[in-house]
Amino acid sequence: MTNVTILDHPLLQHKISILRDKNTGTNEFRKLVEEIAMLMGYEALRDLELEDREVETPIETCMTPMLAGKKLAIVPILRAGLGMTNGILALVPSAKVGHIGLYRDPVTHEPHEYYCKLPSPIEQRTIVVTDPMLATGGSACDALTLIKQHGGRKIKFMAIIAAPEGVRKVHAEHPDVQLYVGHVDRCLNDDAYICPGLGDAGDRIFGTK
Ligand code: PRP
Ligand code: URA
């Protein structure tokens, strides 16, 4: 599939395996999600545009590349996407941060929007949407539609673990979005949880049940 990249660096795979372990506690889980987001962001942002700027070194003046264009926008999908934000901010500290609040109905598994605040203007920015879990793909697709309704165009979506169903849905409904995934798992279960997955990402990051 075009526009879908599986980031299978050994360090990422190792850290994702620790996330999966049900005995990994909240503190370690949260740190790992942040580290994984940073490692994924390092790869996913390798096409950021640069422009030469003049810098005076202690030796002489030179033209040297720096990030060009409008500041990056990071848009976590609440709640679990929040856990990935600081990892990407560590790479691009000047990024703006928007938020989209969605929760999945436990019975229908349909996403419901409860919050949306995005950096304005958003048209010219590279936008990185974060959510550790891409299950049915409903939340991702709704978030991407919302961002496009606000004018977003250059969009990347980062998920740590995805189900094949979610990857197919995002690719079908938003073929222009670059999707970065740490691992594509086997399937969804009857509750639309990813198998083997890691359970409920929001609960594991925030220590709720
Ligand atoms: C989880 C996860 C995604 C969504 C994925 O969030 O963080 O946003 O489910 O499922 P989908 O691909 O089937 O839409 P949840 O709705 O549980 O909310 P939370 O982050 O507040 O726990
Ligand atoms: N949301 C999660 O947090 N985990 C899943 O496996 C599916 C949706």
Side-chain angles (χ1 to χ4, degrees), residues 1-5 7 33-34 36-55 63-104 110-134 136-160 162 166-167 169-182 201-202 205:
M1 269 185 237
T2 53
N3 273 356
V4 180
T5 307
L7 298 169
V33 167
E34 202 173 306
I36 289 167
M38 186 166 70
L39 291 170
M40 291 183 73
Y42 184 75
E43 282 300 320
L45 296 175
R46 61 165 57 248
D47 61 351
L48 283 183
E49 279 175 35
L50 295 168
E51 65 187 8
D52 277 346
R53 300 252 191 93
E54 192 176 282
V55 167
M63 296 301 285
T64 192
M66 290 199 180
L67 291 179
K70 282 246 173 247
K71 292 190 170 75
L72 187 88
I74 307 168
V75 181
I77 301 179
L78 308 180
R79 293 174 297 165
L82 270 181
M84 299 172 72
T85 307
N86 282 345
I88 302 172
L89 276 174
L91 297 173
V92 193
S94 62
K96 308 272 183 184
V97 182
H99 297 89
I100 293 180
L102 294 171
Y103 75 91
R104 241 175 34 149
E110 290 291 323
H112 295 273
E113 180 195 336
Y114 59 87
Y115 189 76
C116 180
K117 181 89 178 171
L118 299 173
S120 180
I122 200 163
E123 290 80 0
Q124 308 296 322
R125 299 181 196 279
T126 295
I127 302 158
V128 180
V129 186
T130 60
D131 194 330
M133 308 306 276
L134 177 60
T136 65
S139 304
C141 284
D142 279 14
L144 292 167
T145 300
L146 258 176
I147 291 169
K148 288 179 182 175
Q149 284 167 352
H150 282 76
R153 292 290 168 263
K154 289 190 286 181
I155 313 175
K156 295 171 186 281
F157 191 100
M158 278 175 41
I160 297 177
V167 174
K169 186 173 168 73
V170 171
H171 187 255
E173 293 185 20
H174 297 280
D176 53 307
V177 171
Q178 290 177 284
L179 178 58
Y180 298 89
V181 175
I205 290 170

Spacing of [atom1] belonging to [X] relative to [atom2] belonging to [Y], to within rounding of 0.5 Å:
| X | Y | atom1 | atom2 | value |
| --- | --- | --- | --- | --- |
| His171 | Cys141 | NE2 | SG | 11.5 Å |
| Ser139 | Arg104 | OG | CZ | 6.5 Å |
| Thr136 | Met133 | OG1 | CE | 11.5 Å |
| Ile74 | Lys156 | CD1 | NZ | 13.0 Å |
| Leu48 | Leu50 | CG | CG | 7.5 Å |
| Ile77 | Leu102 | CD1 | CG | 5.5 Å |

Just wondering, do [Y] and [X] contact through their side chains at under 4.5 Å, heavy atoms?
| X | Y | answer |
| --- | --- | --- |
| Leu134 | Leu179 | yes |
| Pro76 | Asp131 | no |
| Leu45 | Val92 | yes |
| Val55 | Met66 | yes |
| Arg125 | Lys96 | yes |
| Lys71 | Pro119 | no |
| Pro121 | Lys70 | yes |
| Leu78 | Tyr114 | yes |

Verdict with supporting geometry, His150 and Val75, side chain to side chain contact (heavy atoms under 4.5 Å, CB included): CA-CA 13 Å; His150 282 76; Val75 181; over 6 Å; no
Minimal non-hydrogen separation, [X] against [Y], with atom names:
| X | Y | value |
| --- | --- | --- |
| Met40 | Gly182 | CE-N, 3.6 Å |
| Leu91 | Gly41 | CD1-C, 3.6 Å |
| Met38 | Ala90 | SD-CB, 3.8 Å |
| Val170 | Ala140 | CG2-CB, 3.8 Å |

Name of the residue among Val129, Leu144, Asn3 meeting side chain to side chain contact (heavy atoms under 4.5 Å, CB included) with Val177: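 That would be Leu144.
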Exceeds 12 heavy-atom contacts within 6.0 angstrom, atom CD of Glu49: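 Count not over threshold, so no.
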Heavy atoms from other residues, nucleotides or ligands near CD of Glu113 exceed 12 (cutoff 6.0 Å):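 Result for CD/Glu113: enclosed.
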Exam field: side chain Thr126 to backbone Leu72, donor-acceptor pair closer than 3.5 Å: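 No, the answer is negative, given that no donor and acceptor are paired below the 3.5 Å cut-off.
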Residues Lys169, His174; criterion side chain to side chain donor-acceptor pair (under 3.5 Å); working and verdict: CA-CA 8 Å; Lys169 186 173 168 73; His174 297 280; over 6 Å; no
Salt-bridge contact Arg53-Glu51 (side-chain N to carboxylate O under 4.0 Å):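 Here Arg53 pairs with Glu51 in a salt bridge, since their nearest N and O are under 4.0 Å apart.
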Matching residue for Asp176 among Lys154, Lys148, Arg153 - test: salt bridge (Lys or Arg N to Asp or Glu O under 4.0 Å): Lys148
From CA spacing to verdict: side chain to side chain contact (heavy atoms under 4.5 Å, CB included), Val181, Thr5: CA-CA 6 Å; Val181 175; Thr5 307; over 6 Å; no
Full working for side chain to side chain contact (heavy atoms under 4.5 Å, CB included) between Ile100 and Ile147: CA-CA 9 Å; Ile100 293 180; Ile147 291 169; 3.7 Å; yes
Side chain to side chain contact (heavy atoms under 4.5 Å, CB included) assessment of Ile122 paired with Ile127: CA-CA 8 Å; Ile122 200 163; Ile127 302 158; 3.5 Å; yes
